[in-house]
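Working notes, beginning with the structure itself.
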Amino acid sequence: MEPLILNINKSHELISSLLILLGVVFLLLSSIGLLRFPDFYTRMSAVTKGSTMGLGLILIGLSVYFNNIDVSIKILLILFFTFLTSPVAAHVISRTAVKLRVPFWSRTNIKEFEDYLKRENAFEPKDKPDEFKKD
Amino acid sequence: MLQLHHLLLLLPLLLPLYGAIFCLFSWNRVNLQMAIACVIQLAMVVASGALLYAVNHEGILVTQLGNWPAPFGITLVADLFSALMVVTASITGAAVVLFSLRGLDLPRQDYGYYPLILMLQMGVAGVCLTGDLFNLFVWFEVLLICCFVMITLGGTKPQLEGAIKYVTINILASGLLLTGIGVVYGITGSLNMAELAMLVRMPSINKSLFLMASTFFIVSLGIKAALFPLFFWLPASYHTPPIAISSFIGGLLTKVGIYAMIRLFTLIFVVEQELILAFFTITAGFTMVIGVLGAAAHYDFRKILSFHIVSQIGYMLMGLAIFTTLSIAGTILFIVHNVFVKTNLFLVSGVVGRLKGSFDLKKLGSQYLQRPFLALLFLISALALAGLPPLSGFWPKFILVKAGLEAEQYTIVGVSLCVSIITLFSMTKIWNEVFWKKQPETDETEPDADRLTKALLYAPIIFLALCILYIGLNAEAAIGLAYRAAEQVLNTDLYINAVLNR
Amino acid sequence: MDIVLPFITGLLFATGLYLILHRHFFKLILGIILFGLATNLFIFTIGRLTRGGSPIIPQGSEVAIEPYADPVPQALLLTAIVIGFGIQAFAIVLVKRVYQAFGTNNLDDLNNTDKTIIPPKE
Amino acid sequence: MLYFILASLIYAFIAPFVHRAAGKYGIAVQAGVPLVLFVYFATFLPDVQKGEVYTEIYNWVPSLGVQLYFYLDGLALLFTLLISGFGTLVMYYASQYLKDDAGLGRLYMYLTLFMVAMLGLVTAGNLVTVFICWELTSITSYLLIGHTHEKETARQSALQALLVTGLGGMALMAGFVLLGIAGDSYTIPELLTRNDLITHSSLYLPMLILILLGAFTKSAQFPFHFWLPNAMAAPTPVSAYLHSATMVKAGIYLLARLSPALSGPDVWHFTLLVIGTTTALLGAFLALQNSDLKAILAYTTVSALGLLVSLIGLGTDAAIQSMVVFLLAHALYKGGLFMVAGNIDHAAGTREYPLLNGLHKQMRFTGIAAMLAALSMAGVLPFIGFIAKELLYEAKAASSYIILALSFMVSVAYVAVATIMGYRIFWHNRSEPTKLKHQGQVTMAYPPLILGICALVFGLMPGHFVAPILGQAASATLGETIDFELSLWHGFTPVLWLSVLTILAGIFLYSVLQKKREPIAILQKLYANGPNKLYFVLLNGLQRGALHLTATIQNGYLRLYIASIILTQVALLLYTIWYNSPTLQLQQKINLLQDVLFHEWLLILLVLPAIYMLLKTTSRLTAIATLSIIGYTASLLYYLFGAPDIAATQLLIETLTVVIFVLVLHKLPRFQYLTHAHRRIKFVVISVLFGATMTYVLLLVKQFPLISNLKEYYGQNAYLLGKGKNIVNVILIDFRAFDTLGEMTVLAVAAIGIFALLRLRMDKEEKA
Amino acid sequence: MRTIILATAIRLLIPVFQIFSVYILFRGHNHPGGGFIGGLIGSIGFIFYVMTYGTKHTLKNYFRVHLKNDKVADLHSRARHRFHIARVNSRYRQRVEDEWKWEHRIMRIRPVYIIATGLFLAATSGLIGLFSGNPYMTAIWTGLEIPIVGKPGTTLLFDAGVYLLVFGIVLKITFVMAEE
Amino acid sequence: MSLFTITLHIAIAALAFSLCLASIRFFIGPSLPDRITSFDVMVANIISIIAVYAEITGNKDFIDVAIILSIFGFLGSISFAYYLLKTNR
């Protein structure tokens, strides 16, 4: 085993590892948020931002490490995809959740949605699959 | 320029592939698909015949695909046995395609029947010609998925019901086969069958591990060949699809499984052979007996035939279990004969079913007086199946009995003889009920068939019956071929040297 | 990892088989997929594992540099995965059709064509 | 000879067409074929009488030693003449008897086929050819017996005949193969000279049993005799042909033919004698019990066959001589009597003799024919039957008095039967003559008349016509040349007195029978539970047993099928592991655990609850998501161990599976637990067993180093020869591109299949 | 599921996926990727499209090619006619579709044809080697060196066959299933 | 083993831990959208693991897998949502 040497000369390694650690922290935090937050909507908000941010940081760290045009393009591509798709996915899922009437946290200020929720109820199916009651 | 043996080995694979491609291109034009399929089938018969001729005259043919030397690329090998299989398959395929022009209802033809049957043939040819273990698996999958689709084609309730069992069990079999291939690779680090054969005969190989690997092949190929504790999918599904489909599948597919077993268990899995062969002997006996008893129990034309497939697989395995040149020759001849006979019987049942609208023996009757010619055709195939001389079934049975007695395997020979009596019994049951018995009163009117339809329905049956008669009467040609094929199969050095080019 | 993966594989095999042995359609299909996964993992594990080195020739070199993973099981596995996908897709649709045609989710209701029925003795 | 036989074989298939085309006069052609054969075989008489053997050899299947070997010696010639001669008469008789039958054309076909098969059988000089013809006679006789196939009884008897003789056939095949192995040849002439080799072979006993089984079933010996009387369901011409002169004698022929090769050991003589005598007695007894004319004749045929077998069993010169004479005599009178019975049946519509009286005025020629045949049967002086009986008694007397007594009893029964046939029906005038449906046809009386006259002529001049050929036949049976002389009159020997006594006793028996008609009840009951019953019990048992067995095995439950398959696999694996396999070095494995990195542990931690979740969840979507989590984890594992291509593919496949699931999911069944927990236990056990075995196999295989030159070759050459740096991809599209082609085919078929499955619905009631 | 956000995102993403898939296909020989992965990525956009817009819309927008407009040909010069066809077949196809006229000849691109083309390409790429006297599937290389692709040869043709086949299959499966 | 590598290993372990946390949410639910969300997070975590691992091995090609996953992870969550809406309609 080599001795532990902090090789300052390779500054891109340092920057990269810092960025990655930061990203990891973001991701970890968003996971914790996902686990700890009280209702679906709050979890959602924790997750979308946190995980996208964390992923972005890690990827940037990666591109710093490789310092190469090829890799940078690819990473830009991933970032583009993630930044485009992650909000869309979040949007679609929350929309679905609202439609499915996933319960809100008791302390949510729900009044301003009430009209919308009523309208949504018109679309409710009569026979609801049992699994939604269970889950 | 183009070298002939490269082409000959590939034609049985490429012809159906291109046929299927062109059928796909003419997706909504059934008539065009029919024409393509017929032309391709004819070409297949010619091409496979040429392959057999070439192999017969020049010995084992080999082509290294992609021009990579043997253990590194994929090798196609044609020895006599595989060439014979290919010829058999293509003749059967031609007959079935001819039959299905009128024997299969139009919607089914419309939904890709012709590309499917062509790809199925490609799969069969692939299994027979490949010299690579994993490639064997791939071609098995090809023919498997073709069978899945063909069995469900039309989506009637019985078809779906049979298919769910067929599909599940065969997926399991594929998984086990893949696992087995993995184990073999994990032990030897090779996939080329010739190289494996060479490695196995070296002292350095771990024999007991290899024996363990062989069990995967016994079970998975046993499922495909429908051996005794593994055959359940066959009677569950083979009688459900329309006849044009079940005749081809029922006639050919299990034999491909047996082909693979013979190939692998003569070439590669030759460690602890007494043990394996003893197991095969027991299995063969049980397969025969259980299959034939199932046939004796049932009163449905197609179910009887389905159970008979199982029973006859027992005979083929018996030849492998006895493991002499003569017995292997008997098995090879049995396979060829049985493909023809079984297909033909299914086709006869299809004609009866199509003209009378039922497959239940108790509802049929009087066909002997109404259609004496069909009765004759049925009789030829049925007696051939029961092994009565001098039809094609007699010779392989005789050879197997002779080989068995010479090898002093008295029990299995006795069992096989008793089974052949019960086979005769169940065949005469069909004859009694369908042909001799008076037609029970039914209020169903007979659908009438025009002249062309009848001609197209009868032509393949006559053709196959002539094949059966030919094998029976000019037995020397067939037996000689089978014997030389068996010699080639057992003389593995020939195979190894041809493939590895030493 | 050479020691843990076999156990995972065995576990997947067992679970897949157990699900297949249920008489419920949906579990059957889950079991089939899991079984396929187990088979793939089996093949992957049996060609020895190499941590890291992928079988790709690095830039500037003309031959692969050790350590790199055995590419043969990988190639086999790719083919097997794709074939398995084709078959599993077909199986899923088949199960759906069976459910649609029979309106039951119980495999035991599907033994009409296959079961041998003993007629009453005359 | 080949061409004659082949020509008649081919003719057989066009016989129905000839019949249809030529109509009434077609009979000239139909009967002409056997006649031509008869004449053809008759031309061999002079040569064969001199003791020469005519042979003709064609190769058929040389690799199995099968030849078309025609071997015509005295024995064979005797049979060929009988067969073709009878064939002529029967053809003619059939044309009269079944004038209006629609199936007459086909009957001609089968009869001709049968005749050809029989001719082939008796002239064949190769065991395999013998067997082929043997089976051909079985199958043609099946078709002949089932001529009136719309009747249940006809079908059943035909099946019975086929199964019994078929069983014998199978035994015979094995016996012949054993004989071939023991005698090292399949040609009969060679085998005949190898008596020592064969009888001292260790295979002798099984071979003998098998061959005897074949011969006994064919020749209706006890306990296989029952099919013959049942086969009387056939039209009379068929019975007359098959059961008097030809098919049932095939077994006799075979025994006689092989007797030089097989005889010698006591077991041969003893078995034949015992079985033959038993059959003779039983047949005679049963004949007297019956009142149906054809049944009576059938049972006497059984009895006569028994006598013939016992004579072969005796094996002395005298016995064999009497055997051949009795064979000829029996063929002549029995054929005639069958035809007589047929005539009566045809005219009167019944075959119950108590109902028949004084027919001689209405059926004069038939009556005369019956009289001639009956006299021959009874063994009255100028007939050949007399000579046969004399010889019989001589032969039996030479061996043992018990056997002589038994033969005497049988002969007495024959006399009684003959009295019934020849006297009772036609000239017995005590009550009103039976009213016939229509007058007896003169044309139908000719064939039996001819046979009767033959019997008379042969009896009167035994030395001229028959003695030479019979002598040769006896020599062939014995395997050595013997002096053979036949004469009608031997002087007042004890045997003659015995003959006289026989006739007197027979007439006495007849008169007793007339008064006391009731069959002996106990014996009847005993016999009702005899072999015939046994046959049906066995057949029904077979069917029901098969049904139950199949219902147990093919039970329709997919789970059980899969369980049995997996159990087979596990059992085989465990056996091979137990049998001989290297031990697993566990300690070494445990040491390896240190190498596992932390994040790898975490990934594994992910799999375990996922599997638990998969088993426990009640939501379909959760199950699918869990499945894809497992798949993602697996792909991550692939990725971590150097397989980015697989990882990517696995991810794509996993997602695509999810998509497919999702697209069809709302059509999929809901989750439910259908199996009870305690039932699930055994499946848990099977699954765990299977998983554990697979793990063991994996660990065991990985214990040994993998020496593969593939890896190195691909690593070296992927770029240099394959022009690609991604080795896996180069393997896929270059080194092993053929696999990929197959894989593409699978995908294409799967797509077509899914399309067809979803779109094409042939069930009409189901809405698309 | 036609939310405006998703729909817009999908419309944007489809061409990106297409380009990316071709990129993956071409570089598969040297880097992870290849025909199979490329084909899946190429078809994934259409899965999204089917999910959001439904099968019919997808077929209408992407799988009908308007080949010819005879009437227009009479009116315009050849060059303008070509332009018109290009216009009809590209950006403005929806607008043309709305005013249905018999003059537009419509060719359907069935997924089956794509599948068949893929198989055909793959099978035929091997034939080239066969007819030059080598075994089937012997690779033939051109001398060129193209940046992403490397040396193009018959194997590339083969890979393209795989790409098309997978593309066609995924489309076929998705269309059929979504129509249910 | 340099400090850099150790850092990356720590990062990868933390990501795996985060994956486990997300999976706990997945397993306890309670609603289906919750599961889909946690599935999303897991995909993001897996992409990160892949990225970090690419850095550990220094193999640029491994990044491609991350691209593919980033595309397909989206497809997964979209199709789950599609299912929920479709059965609900």
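Heavy atoms only: backbone and side chains are in, while hydrogens, waters and symmetry mates are out. Computed from a prediction, not measured in an experiment: that's the story for all the values here. Below, read A as the first sequence line, B as the second, and so on, with proteins coming before strands; counting in each chain starts at 1.
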*Walk me through it: do D:Gln650 and C:Leu77 pass the test side-chain contact (heavy atoms from CB on, under 4.5 Å)?*
CA-CA 10 Å; D:Gln650 176 75 37; C:Leu77 198 45; over 6 Å; no
*Per-residue contact mode, D:Ala692 against chain C (heavy atom under 4.5 angstrom)*: neither
*Examine whether an atom of D:Asn555 lies under 4.5 Å from a heavy atom of chain C, and if so say whether it belongs to the side chain, the backbone or both; otherwise answer neither.*
backbone
*Relative to chain C, which of D:Leu699, D:Leu558, D:Leu652 shows the most heavy atom pairs under 4.5 Å?*
D:Leu699
*With a 4.5 angstrom heavy-atom cut-off, could you sort out which part of D:Ile646 is near chain C: side chain, backbone, both or neither?*
both
*Determine yes or no for a side-chain-to-main-chain donor-acceptor pair under 3.5 angstrom, with C:Gln74 supplying the side chain and D:Gly642 the backbone.*
yes
*Most chain C-contacting option - heavy-atom pairs closer than 4.5 Å, from D:Thr740, D:Ile553, D:Leu627*: D:Leu627
_For D:Ile686, which atoms come within 4.5 Å of any heavy atom of chain C: side chain, backbone, both, or neither?_
both
*What part of D:Tyr638 lies closer than 4.5 angstrom to a heavy atom of chain C: side chain, backbone, both or neither?*
both
*According to the side chain to side chain donor-acceptor pair (under 3.5 Å) rule, which pairs have a member within residues 3-18 of chain C, sequence neighbours left out?*
none
*asked:* At a 4.5 Å cut-off on heavy atoms, which part of C:Leu76 comes close to chain D: side chain, backbone, both, or neither?
replied: side chain
*Which distance, rounded to the nearest 0.5 Å, do you find between the CG of D:Leu698 and the CZ of C:Phe42?*
4.5 Å
*Do you know which two heavy atoms are closest between C:Leu49 and D:Phe641, and how far apart they sit?*
CB-CD2, 4.0 Å
_Using 0.5 Å steps for rounding, measure from the OG1 atom of C:Thr79 to the CG atom of D:Leu741._
11.5 Å
*Any idea which heavy atoms bring C:Tyr68 and D:Gly715 closest together, and the distance?*
OH-CA, 3.5 Å
*Got C:Leu78 and D:Ile731 here, is their nearest side-chain heavy-atom distance under 4.5 Å?*
no
*Indicate yes or no: at least one non-hydrogen side-chain atom of D:Phe683 is less than 4.5 angstrom from one of C:Ile20.*
no
*Which residue out of D:Asp645, D:Leu560, D:Asn717, D:Val684 racks up the most heavy-atom pairs below 4.5 Å with chain C?*
D:Val684
*Audit row: C:Asp70, D:Leu706, side-chain contact (heavy atoms from CB on, under 4.5 Å) steps and yes/no*: CA-CA 10 Å; C:Asp70 190 350; D:Leu706 172 66; 4.0 Å; yes
_Checking an interface table here. Which of residues 719-728 of chain D come within a heavy-atom distance under 4.5 Å of chain C?_
D:Tyr719, D:Leu720, D:Gly724, D:Lys725, D:Asn726, D:Ile727, D:Val728
*Name the option with the most non-hydrogen atom pairs under 4.5 Å to chain C; the candidates are D:Val607, D:Leu656, D:Val730.*
D:Leu656
*Among pairs that include at least one residue of residues 696-706 of chain D, which meet salt bridge (Lys or Arg N to Asp or Glu O under 4.0 Å), considering only residues two or more places apart or in two chains?*
C:Asp2-D:Lys702
_Interface moiety of C:Phe90 toward chain D, non-hydrogen atoms closer than 4.5 Å_ = both
_Min side-chain heavy-atom separation C:Ile46-D:Val697 under 4.5 Å_ = no
*asked:* Minimum heavy-atom separation for C:Leu30 and D:Ala623, please, with both atom names.
replied: CD1-CB, 3.8 Å
*Can you tell me if OH on D:Tyr696 sees more than 12 non-hydrogen neighbours from other groups inside 6.0 Å?*
yes
*asked:* Only pairs of heavy atoms separated by less than 4.5 Å count here; which of D:Gly691, D:Ala748, D:Pro644 has the most with chain C?
replied: D:Gly691
_Would you compute the distance between atom CD1 of C:Ile83 and atom CG of D:Leu747 and round it to the nearest 0.5 angstrom?_
8.0 Å
*Quick one: does C:Lys96's side chain get under 4.5 Å of D:Leu758's, heavy atoms only?*
yes
*Is there a side-chain contact (heavy atoms from CB on, under 4.5 Å) between C:Ile8 and D:Thr695 once you walk through the steps?*
CA-CA 8 Å; C:Ile8 295 292; D:Thr695 307; over 6 Å; no
*Does a side-chain heavy-atom distance below 4.5 Å link C:Val4 with D:Trp601?*
yes
*With a 4.5 angstrom heavy-atom cut-off, which part of C:Phe35 approaches chain D: side chain, backbone, both or neither?*
side chain
*Most contacts with chain C, counted as non-hydrogen pairs under 4.5 angstrom, among D:Val688, D:Leu608, D:Ile611*: D:Ile611
*Return yes when atom CZ of D:Phe704 has more than 12 non-hydrogen atoms of other residues, nucleotides or ligands closer than 6.0 Å, and no otherwise.*
yes
_Heavy-atom proximity to chain C below 4.5 Å, by part of D:Leu547_ = both
*What part of D:Tyr561 lies closer than 4.5 angstrom to a heavy atom of chain C: side chain, backbone, both or neither?*
side chain
*Shortest non-hydrogen separation from D:Ala750 to C:Gly86 and the atoms involved*: CB-O, 3.6 Å
*Proximity breakdown for D:Glu712 and chain C, heavy-atom pairs closer than 4.5 Å*: backbone
*Pairs in or reaching into residues 683-701 of chain D: which pass salt bridge (Lys or Arg N to Asp or Glu O under 4.0 Å), with residues at least two apart or in two chains?*
none
*Distance in Å, C:Leu41 CG paired with D:Met694 CE, rounded so as to fall on 0.5 Å steps*: 11.5 Å
*Tell me, do C:Gln88 and D:Ile660 make a side-chain contact under 4.5 Å, heavy atoms counted?*
no
*Nearest heavy-atom neighbours spanning D:Leu732 and C:Ala75*: CD2-O, 3.8 Å
*Considering only heavy atoms and a distance below 4.5 Å, find which of C:Leu37, C:Leu34, C:Leu19, C:Ile87 pairs most often with chain D.*
C:Leu37
*asked:* Could you report the tightest heavy-atom contact between D:Ala718 and C:Ile57, atom names first, then the distance?
replied: CB-CD1, 4.1 Å
*asked:* Using 0.5 Å steps for rounding, measure from the CD1 atom of C:Ile92 to the CG atom of D:Leu757.
replied: 12.0 Å
*Distance in Å, D:Lys711 NZ paired with C:Arg48 CZ, rounded so as to fall on 0.5 Å steps*: 11.0 Å
